[in-house]
Amino acid sequence: MTSEIFVLTGRNVMLPGCADPQAATIKVDLSTGKIIDIQSHHANKESLPSGNQNIRWVDAGDKIVLPGLVDAHVHLNEPGRTDWEGFWTGTRAAASGGITTVVDMPLNSIPPTTTVDNLETKRTAAAGQCWTDVAFWGGVIPGNESHLKPLISAGIKGFKCFLIESGVEEFPCVSEADLHIHMKELQNESTVLLFHAEVDRSTTSSERSDATDDPTLYGTYLSTRPEEMEVNAISLITKLQEAYPSLRCHIVHLSASSALPIIRAAKSRGLNLTVETCFHYLCLSANEIPKGHPEFKCCPPIRDDSNRNSLWQALREGLIDCVVSDHSPCVTELKKLEEGDIMGAWGGISTLGLGLSLLWTEGRKRGVTLGDIVNWLSERTSHLAGLSGKKGQLKVGYDADFVIWDPEAEFKVTKDLFKFKNKLSAYEGMVLTGVVQQTLLRGRVIYDKSRNGFEGLSPLGNLL
Ligand SMILES: [Zn+2]
């Protein structure tokens, strides 16, 4: 029996290591979902040898073909806070934005992913609901060190910890003493430890700025989370990593550009440290956030324009490795929209589905190439999550995950476009460039704009 073949051809395909797209024809074995051949020309169906006319075929024409994106920082919150987000809505939102793999954070679901039993609870909740592939980060909390190795054996991709209160009581932060215990446990494992890199202000010397106390002003919130909180946390992380140099460490959602010199020094000393930032830190700035709009609240906060420019520079230099969404929604009531209470609102920005357009819209003004975008959103995030060799590039032997994308089409961000559960986002009203036409997972369509998104399609995501 011959295996079922799918062919994707186009004039503008983003192959590995290329800044710009080129013609290519990619053959996929649908029984495995893997790429089995790549030729550097655009083909047409008539050119196939006779007898091969029944194979499935997509001609992307002049549209851009990218490897499926890997979003390594997403909070899906199910079970336990499924009214905030869930596997079904979250992965549909992801697929609509060209993402084919999300890596779920260990907190905000109940239970958190801190033991193998809890991981199984999450996997059971996710089963049959995922439109994209889903992988899981585990959690490091005080006292769960004996669960770490079993979690690695059970398939989690790494661990996240907090150096400051996480916002939910079932996921407490760790102290320096806790970290020694956990890092000792992890140091000889092939894994990665992710840090929410802010330490409490009581351990910093800075005084509160003299901004007003008006809770509806973004500046009031910003003054409570100064850059120093990130700088001190990152100093602690690099110091700890010196003691456990074989353990790969990663800083999630870097916002403070004043921490970049510490990161530069650590990397040049050869520490195995990587850093991510988020779409919101690259595309928004504090000066433009209107009064009374908690949609913009996240931790750490969005800072000013010069900070944003420094983050872009660091990204282009490779000091920041990758870009993720940190999609972290909640129910509308907790966002305190009616009161406009930024101080009292839950911190988290909803982004799933918009990231590629956001980064392209802002990035092209700054001269970034499509190759950069692929590097930051697919290749390096896939490496971060231990998925290199399988995800993140269009290469023989890799999963046939594709995005067919129109880089010139413009759209206005409106509520009706949101596929995530709670329809509020900091990006409403913005005009963005770049529209996903189709997303394919292992050679099969999981999102099709021309079919109203998901009509006639079904969730084909695996738990990785
Ligand atoms: Zn997060």
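Read the numbers this way: they start at 1 and go in the same order the structure lists the ligands and their atoms. As a basis for the values below, the full set of heavy atoms in this structure was taken, side chains included, without hydrogen atoms, waters or symmetry mates.
Put simply, His75 gets within reach of the Zn ion (ligand 1), with an N, O or S atom under 2.8 Å from it. His253 lies apart from the Zn ion (ligand 1) in this respect, since none of its N, O or S atoms is found at a distance under 2.8 Å.
Here the Zn ion (ligand 1) is the vertex; the NE2 atom in His73 and the OD1 atom in Asp326 give an angle of 80° (to 10°).
Remark: the backbone N or O of Ala95 is not paired with any side-chain donor or acceptor of Thr132 at under 3.5 angstrom.
Val102 pairs with exactly one of Val70, Val324, Val74 by the side chain to side chain contact (heavy atoms under 4.5 Å, CB included) rule, that one being Val74.
Between Phe296 and His293, the ring planes are perpendicular. Angles over 60° get that label, and only those under 30° would be called parallel.
Geometrically, Lys122 does not engage Phe136 in a cation-pi contact, judged by NZ or CZ lying under 6.0 Å from the ring centre and within 45° of the ring axis.
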